[in-house]
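What you see is a predicted model; the values in this text were computed from it and never measured. Remember, it's 1-based here, ligands and their atoms both numbered in the order they're listed.
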Amino acid sequence: MDTLIATIDPNYPDPEIIQRAGDVIRSGGLVAFPTETVYGLGGDALSADSAAAIYAAKGRPSDNPLIVHIADMASLERIAVDIPDAVYLLARRFWPGPLTMIMHKSDEVPHATTGGLDTVAVRFPSDPVAREFIRAAGGYVAAPSANLSGKPSPTSAGYVIQDMDGRIDMILCGDDSRIGLESTIVDLTEAAPVILRPGYVTLDMLREILPDVTMDTALIRDDSGQAPKAPGMKYRHYAPRGEMTVVDGTARDVITYINERTQHDSKEGRRTGVIASDEHLDRYRADVKLGMGADGDSETYAHRLFDTLRHMDDEEVERIYAERPAGGMLDDAIMNRLLKAAGHTLVSV
Ligand code: TXA
Ligand code: MG
């Protein structure tokens, strides 16, 4: 398939390009597009065939439900039923923005889009290109992250092209994603709201509106013995090709430990990589060293994380060591992605 690659100015999206992208979706095709979290791979959310095409393009199992993206509040009532007040309260505070809410679906949403579930995940993104594109596409765009299944979500157009060129109809190339981690997912179909995936909208922020929100315990520990409620959380995600270890401890102990490991790996002829705060970078010995911003600056860390993991692959690094980041507002979201990338290998020194 020939993929049309169109560069779009995020401040003044060319209406002709947006229209063309919308037409592709309306006629059953697929378009990758920028959002404030990560790039999405969009298709018509109300068409079972489009959902099937998305799964095929990503190489993703079809029991993993898709998020439906809307561009105004009025669109919500066509796709969801029995909408609780909590949805409107959260929408007033966090939409448009990086929050996805799970609610009961209407008959208009095919089971192919929801992976067979009777619930639907809805997100109203803030990115202006995303919003205009969704409107041009008819108002309902199903979109997972625009990576091949098992790769880190793409936060820049270059990585979307790397994964999707030749597999979809069109790619809208905008700026790098402002946030760089996927949206927070909160389930509002149970008695009390539960975070199924941590993201830029934190537990504390949600609790300001709904004090009874909790974090799904299944996503905190790998061995919690519970099945994750966001089906996508069970798949191996964000995995770089190299074997990755997260190392926790005082800065001094972490640096000593990682340098011992990289020295050992180099002797065995393996390429090594380190992911660390900017301050610590020169204290490491490794083939590839990538800085994640100042210690404790979790927004910069989040913004760089997926690109960093992809970069380790581009550099063919075989052993990756990451300092446990020094907390910050987005710590839950970052640790969730980092531990997945590391297959939950966390060493305390
Ligand atoms: O920021 C984002 O959310 C990005 C951009 C493109 O909007 N999208 C994204 O989609 O991250 P994806 O498909 O990579 O992740 C969607 C997650 C999966 O873990 C899936 O299992 C969960 O949402 N999910 C979707 N619908 C659900 C539902 N009805 N119930 C529970 N989990 C659901
Ligand atoms: Mg994804």
Side-chain angles (χ1 to χ4, degrees), residues 30-43 45 51 54-55 57-71 79-80 94-106 109-127 129-131 133-134 141-155 159-160 163-164 172 174 177-190 193-201 216 218-219 227-239 302 306 309 333 336-337 340-341:
L30 303 182
V31 178
F33 62 102
T35 85
E36 69 277 21
T37 56
V38 300
Y39 274 74
L41 167 56
I54 291 174
Y55 294 121
K58 264 188 84 92
R60 165 193 266 199
S62 60
D63 66 341
N64 192 357
L66 304 171
I67 294 174
V68 178
H69 295 68
I70 58 175
I79 53 171
F94 299 109
W95 275 1
L99 178 68
T100 295
M101 294 193 251
I102 313 267
M103 39 202 118
H104 296 287
K105 81 172 193 68
S106 77
V109 185
H111 278 116
T113 298
T114 64
L117 299 173
D118 290 325
T119 55
V120 60
V122 187
R123 174 157 127 73
F124 179 172
S126 62
D127 183 278
V129 174
R131 287 162 69 173
F133 160 65
I134 294 162
V141 173
S145 48
N147 52 287
L148 286 174
S149 188
K151 290 238 208 168
S153 300
T155 54
Y159 285 129
V160 178
D163 280 13
M164 290 297 155
L172 291 174
S177 312
R178 186 170 58 79
I179 293 172
L181 295 179
E182 308 89 341
S183 60
T184 304
I185 302 180
V186 59
D187 183 357
L188 296 160
T189 63
E190 305 280 341
V194 183
I195 297 178
L196 303 184
R197 181 173 72 184
Y200 190 84
V201 175
D216 182 6
L219 58 82
K229 287 194 29 214
M233 303 300 272
K234 76 185 177 206
Y235 297 108
R236 185 159 184 244
H237 261 186
Y238 322 116
F306 289 147
L309 296 176
N336 172 261
R337 307 320 191 265
K340 279 187 174 186

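The atoms of ligand 1 that sit less than 4.0 Å from any heavy atom of Arg60 are 12 (P), 13 (O), 14 (O). Proximity to Ser145 (heavy-atom distance under 4.0 Å) selects the following atoms of ligand 1: 8 (N), 9 (C), 10 (O), 12 (P), 14 (O). Residue contact check: Thr119 has heavy atoms under 4.0 Å from atoms 28 (C), 29 (N), 30 (N) of ligand 1. Atoms of ligand 1 found under 4.0 Å from any heavy atom of Ser183 (numbered from 1 in listed order, with element): 1 (O), 2 (C), 3 (O). Atoms of ligand 1 found under 4.0 Å from any heavy atom of Glu182, numbered from 1 in the order shown, are 1 (O), 2 (C), 11 (O).
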Before giving the answer on side chain to side chain contact (heavy atoms under 4.5 Å, CB included), spell out for Leu30 and Ile54 the whole-Å C-alpha distance, their side-chain angles and the decisive distance to 0.1 Å. CA-CA 7 Å; Leu30 303 182; Ile54 291 174; 3.6 Å; yes
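Ligand 1 is never approached by Lys105 to a heavy-atom distance shorter than 4.0 Å.
Side-chain atoms of Ile79 and Ile70, non-hydrogen and from C-beta on, do get closer than 4.5 Å to each other.
Residue contacts with ligand 1 for Asn64 involve side-chain atoms from C-beta outward but no N, CA, C or O (heavy atoms, distance under 4.0 Å). Residue-level proximity to ligand 1 for Leu117 is carried by the side chain, the only part with a heavy atom below 4.0 angstrom. For Ile185, every heavy-atom contact with ligand 1 shorter than 4.0 Å involves the side chain, none the backbone.
Classification of Arg123 and Glu182 as a salt-bridged pair fails, no side-chain N sitting under 4.0 Å from a carboxylate O.
By the salt bridge (Lys or Arg N to Asp or Glu O under 4.0 Å) test, Asp127 pairs with no residue at all, sequence neighbours left out. Ser106 is linked by a side chain to side chain donor-acceptor pair (under 3.5 Å) to nothing, counting only residues two or more places apart in sequence or in another chain.
Looking only at distances, a side-chain donor or acceptor of Tyr39 sits under 3.5 Å from a matching main-chain atom of Gly174.
Below 3.5 Å of separation, one finds an N or O of Arg197 facing an N or O of ligand 1. Below 3.5 Å of separation, one finds an N or O of Thr37 facing an N or O of ligand 1.
The two atoms that bring Phe306 and Gly180 nearest to each other are CD1-O, 3.1 Å, heavy atoms only.
In this structure, of Gly40, Pro125, Ala143, the residue bringing a heavy atom nearest to atom 8 (N) of ligand 1 is Ala143.
Residues Ser153 and Arg337 have side chains that never bring a donor and an acceptor to within less than 3.5 angstrom of each other.
Among the atoms of Asn147, none of the N, O or S atoms falls under 2.8 Å from the Mg ion (ligand 2).
Paired with Leu99 under the rule side chain to side chain contact (heavy atoms under 4.5 Å, CB included), one option of Thr184, Val122, Thr37 passes, and it is Thr184.
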